There are 2 protein chains.
Amino acid sequence: MSKRTINFYAGPAGLPMEPLKKAQDELLDFAGTGMSVMEISHRSKEYDAVHEEAIALTKELMNIPDNFKVLFIQGGAHLAFGMIPLNLLRKDRKADYITTGNWAEKAYKEAKLVAGDRVREAATTKSEKFARLPRPSELQISPDAAFVHFTSNNTVEGTQWHEFPKTDRPYICDMSSDIMWRPMDISQFGIIYAGAQKNLGPSGVTLVVIREDFLEMCEAQDLPSYLRYRIHAEKNSLYNTPPTFGIYILRNILAYNKSIGGLKTIEANNRKKGELLYGCIDKHSGFFKSFVTEKADRSLMNIDFFLPTDELTDTFVKEAKKNDMVGLKGYRDIGGIRVSAYNAVTVDNVKTLVEFMEEFVKKNG
Amino acid sequence: MSKRTINFYAGPAGLPMEPLKKAQDELLDFAGTGMSVMEISHRSKEYDAVHEEAIALTKELMNIPDNFKVLFIQGGAHLAFGMIPLNLLRKDRKADYITTGNWAEKAYKEAKLVAGDRVREAATTKSEKFARLPRPSELQISPDAAFVHFTSNNTVEGTQWHEFPKTDRPYICDMSSDIMWRPMDISQFGIIYAGAQKNLGPSGVTLVVIREDFLEMCEAQDLPSYLRYRIHAEKNSLYNTPPTFGIYILRNILAYNKSIGGLKTIEANNRKKGELLYGCIDKHSGFFKSFVTEKADRSLMNIDFFLPTDELTDTFVKEAKKNDMVGLKGYRDIGGIRVSAYNAVTVDNVKTLVEFMEEFVKKNG
């Protein structure tokens with residue numbers, strides 16, 4: 001087998017080796033069926049065991065209370081941007097959206113398509129290119145908001161809510177780029193959703209964790225069935241054929257995450273990776289310049305920084321690639337370098353990158 | 001490697017061996033990247049090549065004219081049931097739906113949720129349990145219908161339109177269970193859609209072939225972006241992260257289909273399989289009783305028949321399983337036996353089943 005490349009893609013992103021190897025081993029013969037897991041009915045007992053285990057592992061790893069349902073839906077965060085207002089905001093409810101980046105703004109705009117002025121912007125840092133999160137004093141949350149929508153990690157800009165926005169309204173949160181990065185209290189959320197392709201598995205599966213009172217709020221009887229959260233919940237995500245192979249890979253990854261000690265271990269690894277990367281950036285602050293302006297808002301998932309010139313940036317990306325590290329080019333609107341260091345990126349991977357960065361400064365600083 | 005089971009599941013269903021083996025071989029190292037195809041960015045040049053090839057092969061195999069776009073969307077036929085009326089029928093357009101089975105009826109009901117009485121039933125054979133297709137004289141298609149929706153193959157009931165319903169209105173067709181089963185004239189369709197999990201690949205990918213004038217008819221500016229066909233078309237199905245692994249498997253399968261001679265070869269195989277199966281059923285018409293009442297309407301994809309008693313049916317399913325043949329139990333509303341013989345089921349697979357059927361009649365007839 002050839003050497004594994006160190007994968008810093010922003011998503012679809014690297015996955016842990018062991019669950020992928022398992023998928024490879026049993027790709028033509030799953031659970032002794034003589035068939036691929038892709039080839040078996042979603043109503044078969046063999047697939048059902050995978051489906052139930054994926055749900056149970058999600059509940060266990062995230063410590064999800066009993067009054068929540070775990071759903072697997074398709075369409076990524078983009079379809080969720082639409083489903084949330086279609087299910088919750090078509091009559092007279094109001095909601096507040098905090099726009100802290102490219103993705104948060106999309107969620108806000110999509111909700112406005114459905115609910116117009118009843119969707120309000122509770123805060124934005126757009127005038128500062130989203131280079132920091134809003135301060136508590138900047139949040140304007142209305143008492144009549146059915147929910148406050150926010151994006152826990154801003155993939156493009158590299159900010160992350162380490163303490164969630166202060167409000168007594170329930171949250172709806174897009175956790176696509178930092179789901180399961182650490183243990184947290186789930187009870188404060190009405191809905192959590194996450195495209196799988198960063199921390200959970202391949203693209204094509206969206207994890208939705210929804211509280212029962214939010215399910216009850218979904219009143220859209222005239223909405224096509226696939227768009228109704230209640231139908232997915234009533235049918236345990238088997239209303240229609242789910243993306244079975246994607247859920248199977250997700251199951252493999254969650255089982256692996258459990259085997260290494262769950263979210264506590266994963267959090268410790270992520271914090272160590274952040275210390276190494278930001279440590280190097282801050283040590284060479286004359287060379288590397290962080291995009292994010294407030295240290296407290298720095299993301300441990302996406303680390304954005306600039307080099308002194310665009311030429312050096314290009315050289316950095318090219319040299320890294322020669323050293324088997326890919327995915328480091330910054331997002332088109334921002335430029336510079338973006339290191340995406342999701343759960344599957346190991347501490348050793350980051351050490352290799354940091355050594356490369358040190359060397360690069362030595363040569364070019 | 002253990003013996004491959006003969007897979008007669010109705011979907012997700014069996015896939016050809018060669019493309020699956022290719023996926024297994026390169027699961028950890030795709031195209032020399034040192035990463036799985038699941039792990040690479042949907043904006044990378046390596047994934048882009050897969051995406052473009054999947055589109056090109058679809059066009060080539062189906063002989064799709066230039067005024068059509070090929071899209072890959074998520075959510076299966078169920079989401080398409082909703083997207084079609086949401087894109088085309090929210091204002092004043094009218095449409096006719098032909099309901100010929102379980103799935104055709106779902107498409108009709110979902111459209112009515114959006115457009116109410118402007119969605120009309122052009123014909124139905126429900127009073128006969130959908131055991132035949134409507135005759136030409138039974139079709140009531142209105143001149144003001146923007147399209148006529150039909151389901152080319154009825155997976156549950158085992159009927160198939162060998163000649164499409166006569167009308168001068170454009171078709172929208174759910175081809176989920178017989179897409180690419182033979183060459184056909186695409187120009188008469190406004191939209192063709194198909195969940196991949198029968199003839200094309202794993203669940204989680206929906207193929208949509210849409211004519212430009214139908215794209216132009218999509219006027220839903222206030223619809224969330226993911227639900228708008230025009231956005232998917234403008235962005236070449238890369239508006240958001242597509243289900244990359246599913247599209248990769250579909251690409252492998254289409255490349256294999258091309259290598260064996262394309263849809264002409266596939267059609268010949270399917271006709272041979274049908275002759276063998278219906279030949280056996282008709283030969284033993286005192287023992288096997290076809291569910292479908294008109295021979296001309298018999299499906300070559302799903303073959304439904306009854307045995308003399310429920311006990312014999314159970315025995316048939318169990319004995320077949322002992323002989324490494326699975327997925328033969330009839331759909332719950334109909335009972336009996338259903339043989340799903342999609343493109344990946346070989347003539348040899350069907351010969352094995354027919355030998356088993358002959359033996360079964362000898363023992364129990």
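Because the structure is predicted, anything quoted here is derived from the model rather than measured. Proteins come first, then strands; the chains are lettered A, B, ... in the order of their sequence lines, and each starts at number 1. Just so you know, these numbers use all the heavy atoms, side chains as well, and skip hydrogens, waters and symmetry mates.
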Q: Measure from the side-chain N and O atoms of B:Glu110 to the backbone N and O of A:Pro224, and report whether any donor-acceptor pair falls under 3.5 Å.
A: no
Q. Under a 4.5 Å heavy-atom cut-off, does chain B meet the side chain of A:Pro242, its backbone, both or neither?
A. backbone
Q) Tell me, side chain or backbone of A:Leu227 under 4.5 Å from chain B's heavy atoms, or both, or neither? A) side chain
Q.
When you measure from the side chain of A:Asn7 to the backbone of B:Glu39, do you find a donor-acceptor pair of N or O atoms at a distance under 3.5 Å?
A. yes
Q: Identify the heavy atoms of A:Pro12 and B:His42 that sit nearest to each other, and give their distance.
A: CD-ND1, 3.4 Å
Q. Is there a side-chain contact between B:Gln197 and A:Thr244, using heavy atoms and a 4.5 Å cut-off?
A. no
Q | Shortest non-hydrogen contact between A:Ser203 and B:Pro243, atoms and distance | A | OG-CA, 3.6 Å
Q.
Between B:Thr5 and A:Asp29, does the side-chain contact (heavy atoms from CB on, under 4.5 Å) criterion hold? Intermediate values first, please.
A. CA-CA 9 Å; B:Thr5 298; A:Asp29 184 6; over 6 Å; no
Q.
If you count every heavy atom of other residues, nucleotides or ligands that lies below 6.0 Å from B:Asp333 atom CG, does the total exceed 12?
A. yes
(Q) Please determine whether the number of non-hydrogen atoms from other residues, nucleotides or ligands lying under 6.0 Å from atom NZ of B:Lys109 exceeds 12. (A) no
Q: Identify which part of A:Ile6 has an atom lying under 4.5 Å from any heavy atom of chain B, answering side chain, backbone, both or neither.
A: neither
Q | Region of A:Ala23 that comes under 4.5 Å of a non-hydrogen atom in chain B | A | both
Q) Is chain B contacted by the side chain of A:Val326, its backbone, both, or neither, given a heavy-atom distance below 4.5 Å? A) side chain
Q | Choice from B:Ile73, B:Thr241, B:Ile249 maximising heavy atom contacts with chain A below 4.5 Å | A | B:Thr241
Q: Looking only at non-hydrogen atoms, find the nearest pair between A:Arg4 and B:Leu28 and report the distance.
A: NH1-O, 3.4 Å
**Q.** Greater than 12 external heavy atoms within 6.0 Å of A:Lys112's NZ
**A.** yes
Q) So with a 6.0 Å cut-off around CG of B:Asp348, is the heavy-atom count from everything else above 12? A) yes
**Q.** chain B contact via A:Lys198 - side chain, backbone, both or neither, heavy atoms under 4.5 Å
**A.** neither
Q.
Working note: A:Met35 + B:Tyr9, criterion side-chain contact (heavy atoms from CB on, under 4.5 Å); need CA distance, chi angles, decisive distance, verdict.
A. CA-CA 11 Å; A:Met35 297 175 279; B:Tyr9 276 133; 4.0 Å; yes
Q.
Keeping A:Gln74 on the side-chain end and B:Gly75 on the backbone end, is there a donor-acceptor pair under 3.5 Å?
A. yes
Q.
Less than 4.5 Å to any heavy atom of chain B: does that hold for the side chain of A:Phe81, its backbone, both, or neither?
A. neither
Q. When only pairs under 4.5 Å are counted, which of B:Pro202, B:Ala13, B:Gly76, B:Gly82 shares the most heavy-atom pairs with chain A?
A. B:Ala13
(Q) Report which part of A:Leu86 has an atom under 4.5 Å of a heavy atom belonging to chain B: side chain, backbone, both, or neither. (A) side chain
Q) Hey, what do you get for CG (B:Leu27) to NZ (A:Lys21), rounding to the nearest 0.5 Å? A) 9.5 Å
